[in-house]
J.: 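Sharing a structure with you now.
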Amino acid sequence: MKIKKSAYVRGTVFLISTILILYFLPRKDGREYTYEVNRPWSYSLLTAPFDIPVYMDSIRAEHVRDSLESRFEPVYYRNPNIEKNALSQFTSRLNTESDVNLSPLEKNALTAQVRKAFEHGIVDANTYKAINTGELPSVRMIHENVALSVPTSKYCSVRKAYATIDSVFHDSRFTRALSASGLSDILTPNIILDTAETRKLHDEMMQRAMAPIGVIQQGERIIDRGDIVTPQLYTVLRTYDTLNAKRGGKESVDFYYPIIGQTLYIILLLGALYSYLFFFRPSYYESKSKVLLIMITITAVTLIAFGMSHVFTLGIYMVPFAIVPVILVIFLDARTAVSAHIVTILLASIATNFPLEFIFMQFLAGVTAIDSLRELTKRSQLLRTAFLVFIAYSLAYISIELFHSGSVTRLSPKMFGFLAINSLFISFAYVAIFLFEKTFGFISKVSLVELSDINNPLLRELSEECPGTFQHSMAVSNLASAAANKIGANVQLVRAGALYHDIGKINNPAFFTENQHGVNPHDALDPIQSARIVIGHITDGLRRADKANLPESIRTFIREHHGAGKAKYFFNTWCNTHPGEEPDEKLFTYPGPNPQSKETSILMMADAVEAASRSLKDHTPETISALVNKIIDSQIADGLHDDSPMSFRDIKEVKEVFANRLRTMFHSRISYPDIVKPKETESTDKVTTP
């Protein structure tokens, strides 16, 4: 039933992850390609399915447009009515204003200058500014449907025309006449921009200049795998995309094939990950929580990547993909972290324009993150990891650009900014680690280090109430962690679990030998009662662990450090005092279960060996080795380690570590000699004479 339930959970998680990734996957049909100038074409041979006009590439087109714009002459027209009305109004004012003190001949001369200004041409201020700066040396004038180029050298603005007229006459009477007649109001531009004709002429000129320069006929080769996408090919491919999109309805029968391919792609990748877990990490494969951890992490990061790529093109490079291996290497192991990371970046690469470069950068960043977090014991290590990941990203990006373009000029500061934001997000992995610890009951090395602090309230209470047990726990912790390090088990987990394994003894400290001072309360009890109290420290310890919110992995050490073994001292005592009677073994048996991991097996061995070593009177190497072998072999004979993945080689190495450590702990010390003072005699005080 347990196996079926686990398989059901795995299958459900697999199905949900596949559906979510497929649903949010950026939709690209088989006719869409991603490419960039000066990068190789990563697809197979592309031939023209229809005639494709060839336009100038963007660089040449921009050059042609700039050249045409610099030489383009806007269309203006002369408005004779403005000149006629202005001259009529000016003449009328000269003849009617009382302040005008000019003779008829002088009035005619002044009117002639105004007429001359209109004949040369008066333009608006913006046009005159363009003429002055040399931007408009000539304009087009339409005459009998023919556009003629006319120089603008004689054109002037209203202010310039007034100043020119005023400068011709040096008599103050003419200046008063110009002011009295209101010439500044009469002078208005008579050379006017024809916006409609100008726009029409401009558009016709650009259309002729931007017309196709050739054609790729149907069936003709466009580009093949490995070819560099030149600016000209880029323009051809953009034209192909535009025309293909317009014709897309004709090939709608192919719509389902990309969906089928995407579904198969996702299933194969996730299936490969499941296969890895099944063959190489069966304990993870059978653990619902660990499968959930892996799949949730992969799916969440992949969906975030899809969302960021949808927001803007380079948004996917802001997604902290390295957070996947960071989380998994902390809770699981490096090999699983690498496998999951590869699956994640292969899934996310669908949303990128350049998948090969993307995979290279993300793989390098993930490996760097794993290598820098072999042992996470401090939060500051995440900052170091973030910095190293940024360095890895930057080097990978530089290498790609140099490889493709051969120049550092194409390096984008914006890209470095995206990579820096990406790396910064990795430092926030501690939040995700905390959430997974609370959700799935996992425990990180940082938490284990915090739990191993002897100032922890529970350990401090143990040291105050049960000083002997506390010293025993410390000694067991040292023994077990040394053995764990030798066989490649989780050292920090063993160390923390050993410190807490006997916290249940706080309830009845006097009933345990290490806390007794000459008085043994068991002397007044029946062996069955004594066994019940001693065995009860397991359930008492689990209650205290629940109250202190200790992680499940620590509770496992409390639960399994005696396994389903017997309280042999009291069992043997009962058998000796009740000869011929059949004992009820359940009354003397710990609740178990037996150790399920290498770590709890090591603790069981260390606990029994350390306790027994205190009863030795002779601490020679031979005696210690014999004790270690006897206790561990006895546990194996009783089947207490049958459920543990410990190998015979592991057990042999654990025995050697225990024996060496105990010999060091119980080594004999050199007796320091006292200073011997010479005896004072009377002869030394007397002076002898011959």
Side-chain angles (χ1 to χ4, degrees), residues 330 375-381 430 433-434 437-438 441-485 489-522 533-562 590-591 599-600 602-611 613-614 661 665:
I330 288 172
E375 288 287 335
L376 178 63
T377 56
K378 295 183 292 185
R379 297 179 181 88
S380 60
Q381 289 178 265
Y430 190 79
I433 293 169
F434 175 79
E437 283 184 332
K438 298 303 180 183
F442 296 128
I443 185 167
S444 66
K445 291 182 175 66
V446 174
S447 297
L448 289 173
V449 171
E450 293 172 350
L451 286 170
S452 300
D453 185 358
I454 59 175
N455 290 316
N456 183 287
L458 197 55
L459 293 181
R460 190 167 59 247
E461 183 181 4
L462 179 66
S463 67
E464 293 171 354
E465 299 296 331
C466 308
T469 301
F470 179 76
Q471 293 301 323
H472 162 72
S473 298
M474 292 285 289
V476 170
S477 177
N478 291 331
L479 273 178
S481 58
N485 183 60
N490 190 328
V491 177
Q492 197 59 52
L493 178 61
V494 170
R495 187 187 303 278
L499 291 174
Y500 289 90
H501 79 284
D502 271 345
I503 57 172
K505 293 182 180 180
I506 297 175
N507 290 12
N508 299 291
F511 285 87
F512 298 92
T513 308
E514 65 269 20
N515 300 312
Q516 295 172 359
H517 302 283
V519 177
N520 188 350
H522 290 290
I533 294 173
V534 170
I535 292 172
H537 86 277
I538 301 296
T539 53
D540 291 340
L542 291 173
R543 292 192 192 99
R544 285 187 171 272
D546 290 338
K547 187 176 180 181
N549 292 320
L550 293 182
E552 177 60 28
S553 55
I554 299 298
R555 299 178 200 179
T556 301
F557 285 90
I558 300 173
R559 189 181 297 113
E560 297 179 7
H561 75 276
H562 283 295
Y590 285 93
E599 289 77 13
T600 50
I602 292 171
L603 177 63
M604 173 182 279
M605 297 176 187
D607 184 39
V609 167
E610 199 282 332
S613 67
R614 295 177 179 272
R661 282 301 179 109
M665 291 169 59

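What you see is a predicted model; the values in this text were computed from it and never measured.
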J.: Rounded to the nearest 0.5 Å, what's the gap from NE2 on His472 to CG on Asp607? Could you check?
T.: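 One finds 4.0 Å between NE2 of His472 and CG of Asp607.
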J.: Taking the six-membered ring for Trp and the single ring otherwise, decide whether the centroids of His501 and His562 are under 6.0 Å apart.
T.: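 So the answer is no for these two rings.
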J.: Here's a test for you: under side-chain contact (heavy atoms from CB on, under 4.5 Å), which of Thr556, Asp502, Val476, Ile602 qualifies with His561?
T.: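 The side-chain contact (heavy atoms from CB on, under 4.5 Å) with His561 is passed solely by Asp502 among Thr556, Asp502, Val476, Ile602.
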J.: Has the side chain of Arg555 got a donor or acceptor atom that lies under 3.5 Å from a matching backbone atom of Asp546?
T.: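 No, Arg555 side chain to Asp546 backbone: no donor-acceptor pair under 3.5 Å.
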J.: Does Arg495 reach the main-chain N or O of Ser477 with its side chain, forming a donor-acceptor pair under 3.5 Å?
T.: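 No.
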J.: Is there a donor-acceptor pair closer than 3.5 Å between any side-chain N or O of Tyr590 and the backbone N or O of Ile538?
T.: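 Side chain of Tyr590 to backbone of Ile538: no pair is present.
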J.: Is there a side chain to side chain contact (heavy atoms under 4.5 Å, CB included) between Asn507 and Arg544? Walk through the geometry before answering.
T.: CA-CA 10 Å; Asn507 290 12; Arg544 285 187 171 272; 3.0 Å; yes
J.: About how many Å separate CZ of Phe470 and CD of Glu465, when rounded to the nearest 0.5 Å?
T.: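 Glu465 atom CD to Phe470 atom CZ measures 13.0 Å (nearest 0.5 Å).
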J.: Which distance, rounded to the nearest 0.5 Å, do you find between the CD of Glu461 and the CD1 of Ile503?
T.: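 Going from the CD atom of Glu461 to the CD1 atom of Ile503 covers 9.0 Å.
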J.: Less than 6.0 Å separating the ring centroids of Phe512 and His537?
T.: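 Yes; His537 has its ring centre under 6.0 Å from that of Phe512.
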J.: A side-chain contact here means heavy atoms from C-beta on lying under 4.5 Å apart; do Asp540 and Arg543 qualify?
T.: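 Side chain of Asp540 against side chain of Arg543, heavy atoms only: contact under 4.5 Å found.
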J.: Counting N and O atoms only, with roles assigned by atom type, does the side chain of Asn490 sit under 3.5 Å from a partner on the main chain of Leu493, one being a donor and the other an acceptor?
T.: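 Yes: the side chain of Asn490 pairs with the backbone of Leu493.
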J.: Given side chains that start at C-beta, do those of Leu499 and Met474 come closer than 4.5 Å, heavy atoms only?
T.: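 Leu499 reaches Met474 side chain to side chain.
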J.: Taking C-beta and beyond as the side chain, do His522 and Val534 meet within less than 4.5 Å on heavy atoms?
T.: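 Yes, at least one pair of side-chain atoms sits under 4.5 Å.
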J.: Do Glu514 and Lys505 sit within salt-bridge range, that is, some charged N less than 4.0 Å from a carboxylate O?
T.: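 Yes.
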J.: State the CD1-CZ distance between Ile433 and Phe442, to the nearest 0.5 angstrom.
T.: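 That separation rounds to 12.5 Å.
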J.: Do the side chain of Asn456 and the main chain of Glu450 share a donor and acceptor less than 3.5 angstrom apart?
T.: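 No; zero donor-acceptor contacts below 3.5 Å.
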